[in-house]
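Heads up: the structure comes next, in structure tokens.
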Amino acid sequence: MKKTIYTLFAMLGFANFTMAQLPSYVPTDSLKGWWGFNGNANDASGNGNHGTVYSAALSADRFGLNNSYYFNGSSKIVVN
């Protein structure tokens, strides 16, 4: 029983740790979604408004990380 409880707490802690956090400067009042352009089109607000990327390519940001998208004029991100 004790092992089960510890496992449950470990899983909850890991889930909480891996969930994206909104930056403190983002107002949450009436927030529909937060797309941080961090390598995917997932909504980090918790509202589930994830997007699908069409023809946009991951591109290096100012820090050299693939955390931005290059749009070529016909590419887009559509919120599902």
Side-chain angles (χ1 to χ4, degrees):
M1 179 68 175
K2 221 178 201 184
K3 184 177 179 181
T4 303
I5 291 172
Y6 287 136
T7 302
L8 178 62
F9 280 121
M11 288 171 50
L12 289 173
F14 179 74
N16 189 33
F17 176 74
T18 58
M19 290 177 61
Q21 299 294 319
L22 292 176
S24 60
Y25 59 83
V26 175
T28 57
D29 206 34
S30 302
L31 182 68
K32 301 298 181 205
W34 169 256
W35 303 272
F37 284 88
N38 55 357
N40 60 48
N42 293 338
D43 174 15
S45 72
N47 294 328
N49 294 318
H50 304 299
T52 302
V53 180
Y54 295 97
S55 300
L58 280 174
S59 179
D61 64 8
R62 63 185 176 181
F63 302 112
L65 304 172
N66 283 337
N67 288 341
S68 63
Y69 282 103
Y70 172 76
F71 293 90
N72 64 10
S74 63
S75 51
K76 59 187 174 183
I77 296 177
V78 177
V79 176
N80 303 328

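The analysis underlying the following values was restricted to heavy atoms, covering all of them including side chains, and did not include hydrogens, waters or symmetry mates.
Under the 4.5 Å side-chain criterion, counting only non-hydrogen atoms from C-beta, P23 is in contact with W34.
When atom types are taken as modelled, the side chain of D61 and the backbone of S68 share no donor-acceptor pair closer than 3.5 angstrom. A donor-acceptor pair is defined here as one N or O able to donate and one able to accept, closer than 3.5 Å; such a pair exists between the side chain of N47 and the backbone of K32. A distance-only check finds a donor-acceptor pair linking the side chain of D43 to the backbone of N49 [under 3.5 Å].
For the side chain to side chain contact (heavy atoms under 4.5 Å, CB included) criterion with W35, the lone passing option out of V79, N42, N40, I77 is V79.
Within a 6.0 Å sphere centred on OH of Y70, other residues, nucleotides and ligands contribute 12 heavy atoms or fewer.
Closest approach of G33 and S45 over heavy atoms only: CA-OG, 3.5 Å.
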* Worked check of side-chain hydrogen bond (donor to acceptor under 3.5 Å, both in side chains) between N72 and S74 -> CA-CA 6 Å; N72 64 10; S74 63; 3.1 Å; yes
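In terms of hydrophobic clustering, with Ile, Leu, Val, Met, Phe, Trp and Tyr side chains grouped at heavy-atom distances under 4.5 Å, V53 and L58 are assigned to a common cluster.
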